[in-house]
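So the structure is just underneath, and the comments pick up after that.
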Amino acid sequence: MTHSSTSRHAGEVKAMAGEPRWEAAQSAIREGLVTSARTMGVENPQTWIEVMEPTEEGHGDFTSSAAFRLSKVLGQSPAVIARRLVGGWPAGPMIERMEVAGPGFINFWLDRHWLAGELTEAVTRADTYGIRAARGERVLIEFVSANPTGPLVVVNGRAAALGDSLARIFQANGYAVDREFYVNDAGQQLQKLGQAMAIRLRELAGDPLPDPWPEGVYPGEYVRDLAEAYRALTPDWAEHALDAERTEALGAFCADRLRRQQEQELERFGVHFDRWFSERALREAGAPERMVAELEGRGVLYREDGAVWFRSAQFGDQKDYVVVKSNGEFTYVVPDAAYHTDKFERGYDIIIDLLGPDHHGYKRRMQAMMTALGLPAERLEMQIIQLVRLLRGGKVVRMSKRGGDFVTLAELIDEVGVDPARWFFLERSADTPMDFDLDLAQMKTQDNPVYYVQYAGARIHSVLRAYQGLAANDPEAIDPAAFRNPLEHALIRDVARLPAVLRRAGEQRAPQLIVHYLAEIAGHFHGFYRQHRILEEAPAVRRARIELIRAVLVVITQAMGVIGVSVPERM
RNA sequence: GCGCCCGUAGCUCAGUGGAUAGAGUGACGGACUUCGAAUCCGGAGGUCGUAGGUUCGAAUCCUACCGGGCGCACCA
């Protein structure tokens, strides 16, 4: 299985030249309406006029409700205004017809012959179709950032799929993107991990396990594997287990191993991080101290009950909170704020954090801190990823950390595979809790939308293989008049829409739009395929249909590329 | 109690302030002498949680309430 776009990085992406026809048409329609409105005496018409893709098929390729808004300004009925807007329209090559419909909507149908030119555009550009020119803006996406205290779990997979896909979408839109993982390899976590390690080492030395198990210490069996690794590497391992001074070092050993294990699992999932940002390094460089001094200098701290508080309530948070505990330790927000400051200092235009579902209060707090520090907090976007429940046989799979319950990302990938896992995670928007149906994800039938799309790709590959022997007899030029039926037109439209879909998915940070687009285009293709022949037609029709399915394959491959799902040539 | 997110077809979910709210799935009926049936074609299914408000127009924005998820530490 190949992920053709996995290795693609922003620097290597070549942009498409010239504006895509779909968006060119949308701009032209908007400009035409604006010009019309101006001649009708409307001031600043661009503020009133919107051109959108209608939800319903019978309403054209684009629609505008400008007449309704303008009726306020002009004091005429929407229907009258719509007719005036459309009258005297300079008929260009791109628009086939327009109509005033209902109480005042204006609907536009693009010229099919003109739009069909986009097919050849897609076929020749292939893996640069839909990709924008570099725009000189940089995006940082931080995601997963799981604690290095155990293997990745299922919800980390959801974050991984979303973050990586968002990154790919931004890249397609011409941004330079960095993927970053923040490693919480410091503080209390390391102590607890070190304690768990000491217990496991003593277990290897023949001591009984403590009873009861100490509060907060990781009980997971994976620590035993790490203890065995440590034993193999360290002659004095048995003494280290008893040395309280070494607890943190033991924890660091584990954290390092677990971090690398997480990295491997993520690579297997098709997700590569450009930077693993260490909290420990941040602390060792004195960043938390500098952060507190900076806040102090800005006069936003005060002392109470032996602790140091931040006046977050002045910056939009619900209440003030502690930054330095009475025992002198920093609370976790201090290194986190230092980390975010570092992100700003690195000069990113957009900074995105994908956070776990236990971070609802965090968002406002971090925003308050950035504001207090005089940083442009609006550039920092924090998106909460909601929980994932696993279903098997229609029932919720319990995900307790004990025993052999199904909890890790690795197990999920083993069971359903990378492609269905990524697809299912991306199918739903991030801010709503999701159910992951294990049975459905494994079905290799029409029930499973992943295979539905992949099957479309495989069918096209199959036809193209069969076409190789016939190609010599066909004309080189495409005759757009050969496209006569609705499903062909729908597919031409789908191909032409890809750049706009990618743009919108980026603007809305919504990979699920890509998933829905793919399901739609696959549906159109399967319908077309069952209804019409390709190879048995006369040369001109055959040639046109070959161009069509090649273009469809291009957009399927491109769209699957940005969600990180493969398009196998055979299934 | 406070905050964030969510209530849309039996189920899982889309939906950019616009027209008659859409897919998939489930159940039922049909379609391979064919380039791949992992496919296609049918009809059925709705007080968009409730009540107000803003608007020419609300599933979408505002307010209140009802129901659900998750947060609200000198934890991370």
Side-chain angles (χ1 to χ4, degrees), chain A residues 50 52-59 63-65 67-69 71-72 77-78 101-105 107 147 149 184 186-189 192 216 279 304-309 317-319 321-333 335-336 356-365 384 386-387 389 391 394 427-435 437 440 443-452 454-456 458-467 470 504 507-508 512-513 515-516 519-520 522-523 525-537 542 545-546 549 570-571:
Chain A
E50 254 190 346
M52 330 190 6
E53 294 176 26
T55 45
E56 198 150 338
E57 230 168 275
H59 296 156
T63 183
S64 178
S65 55
F68 292 91
R69 292 152 203 236
S71 79
K72 277 191 204 95
S77 80
F105 298 98
N107 299 333
N147 291 332
T149 54
N184 295 107
Q188 243 180 25
Q189 318 235 28
K192 300 283 187 196
E279 181 185 354
E304 195 174 294
D305 302 331
V308 180
W309 297 70
D317 203 354
Q318 285 185 274
K319 52 186 175 189
Y321 61 90
V322 170
V323 289
V324 186
K325 303 187 228 173
S326 51
N327 66 5
E329 285 175 18
F330 302 115
T331 59
Y332 72 95
V333 287
D336 275 12
D358 53 344
H359 283 71
H360 279 103
Y362 180 91
K363 198 169 164 176
R364 208 171 265 215
R365 199 166 307 160
I384 304 280
Q386 292 287 2
L387 287 171
R389 289 196 309 177
L391 298 184
E427 200 173 22
R428 314 228 143 90
S429 65
D431 55 10
T432 165
M434 71 167 285
D435 289 332
D437 189 329
L440 181 60
M443 263 184 232
K444 302 202 171 187
T445 69
Q446 59 175 338
D447 302 335
N448 191 330
V450 190
Y451 292 108
Y452 185 78
Q454 289 181 326
Y455 186 51
R459 271 180 153 174
I460 294 173
H461 274 116
S462 175
V463 177
L464 292 177
R465 282 192 295 271
Y467 179 65
L470 304 164
R504 235 178 84 191
E507 284 169 354
Q508 297 186 20
Q512 78 269 17
L513 295 180
V515 171
H516 294 133
E520 188 180 348
F525 171 75
H526 286 306
F528 165 73
Y529 183 88
R530 290 294 296 181
Q531 219 172 307
H532 305 287
R533 306 269 81 197
I534 298 168
L535 300 181
E536 292 158 19
E537 297 290 342
R542 175 165 67 190
R545 289 186 177 170
I546 286 291
I549 66 169
R570 297 169 203 267
M571 294 170 67

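Within every chain, numbering begins at 1; the chains are lettered A, B, ... in the order of the sequence lines, protein sequences first and strands thereafter.
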Distances for protein N or O near nucleotides 5-9 of chain B N or O, under 3.5 Å:
from, atom 1, to, atom 2, distance (Å)
B:rC5, O2', A:D431, O, 2.4

With the criterion being N/O to N/O and under 3.5 Å, what pairs connect the protein with nucleotides 73-76 of chain B, and how long is each?
from, atom 1, to, atom 2, distance (Å)
B:rA73, OP2, A:K319, NZ, 3.2
B:rC74, O2, A:S326, N, 2.8
B:rC74, O2, A:S326, OG, 2.8
B:rC74, N3, A:S326, OG, 3.2
B:rC74, N4, A:D305, O, 2.5
B:rC75, OP2, A:K325, NZ, 2.4
B:rC75, O2', A:Q188, OE1, 3.4
B:rA76, OP2, A:Y332, N, 3.3
B:rA76, O2', A:Q189, NE2, 2.7
B:rA76, N6, A:Y332, OH, 2.1

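Using a 4.0 Å heavy-atom criterion, one finds that A:T63 contacts the bases of the nucleic acid, with or without backbone contacts as well. Residue A:N107 is in base contact, counting any heavy-atom pair closer than 4.0 Å across all strands shown. Across all strands shown, A:A519 has no heavy atoms under 4.0 Å from either base or sugar-phosphate atoms. Across all strands, A:L387 comes closer than 4.0 Å only to sugar-phosphate atoms, never to a base (heavy-atom distances).
The salt bridge (Lys or Arg N to Asp or Glu O under 4.0 Å) search around A:E507 returns none, not counting sequence neighbours. Under the side-chain contact (heavy atoms from CB on, under 4.5 Å) criterion, A:N147 pairs with A:T149, A:N184, A:Q189, sequence neighbours left out. Annotation: salt bridge (Lys or Arg N to Asp or Glu O under 4.0 Å) contacts of A:D435 (sequence neighbours excluded): A:R389. By the side-chain contact (heavy atoms from CB on, under 4.5 Å) test, A:E427 is found to be paired with A:W423, A:F424, A:P449, A:V515, residues two or more places apart in sequence or in another chain being considered. By the side chain to side chain donor-acceptor pair (under 3.5 Å) test, A:Y529 pairs with no residue at all, sequence neighbours left out. By the salt bridge (Lys or Arg N to Asp or Glu O under 4.0 Å) test, A:R533 is found to be paired with A:E536, residues two or more places apart in sequence or in another chain being considered. Every residue meeting the side-chain contact (heavy atoms from CB on, under 4.5 Å) condition with A:H359, not counting sequence neighbours, appears here in chain and number order: A:L355, A:Y362, A:I384. Annotation: side-chain contact (heavy atoms from CB on, under 4.5 Å) contacts of A:R69 (sequence neighbours excluded): A:W48, A:E50, A:S65.
Within the structure, every side-chain polar atom (N or O) of A:Y451 is placed at least 4.0 Å from both OP1 and OP2 of B:rG24.
In this structure, A:H59 packs face-to-face on the six-membered ring of B:rA19, meeting both the 5.5 Å centre cutoff and the 30° plane limit. Stacking between A:F68 and B:rG18 is absent: the aromatic ring centre is not both under 5.5 angstrom from the base six-membered ring centre and within 30 degrees in plane angle.
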Across nucleotides 29-36 of chain B, 5' to 3', mark each nucleotide with B, S or - according to how protein heavy atoms within less than 4.0 Å reach it.
--B--BBB
Output the pairing pattern of RNA chain B as a dot-bracket string, 5' first, Watson-Crick or G-U wobble with both distances under 3.5 Å, | for cross-strand pairs, [ ] for crossing pairs.
(((((((..((((....[...))))..((((.......))))......(((((..]....))))))))))))....
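Residue A:H526 places its side chain closer to B:rU39 than to any other of B:rC4, B:rA19, B:rU39.
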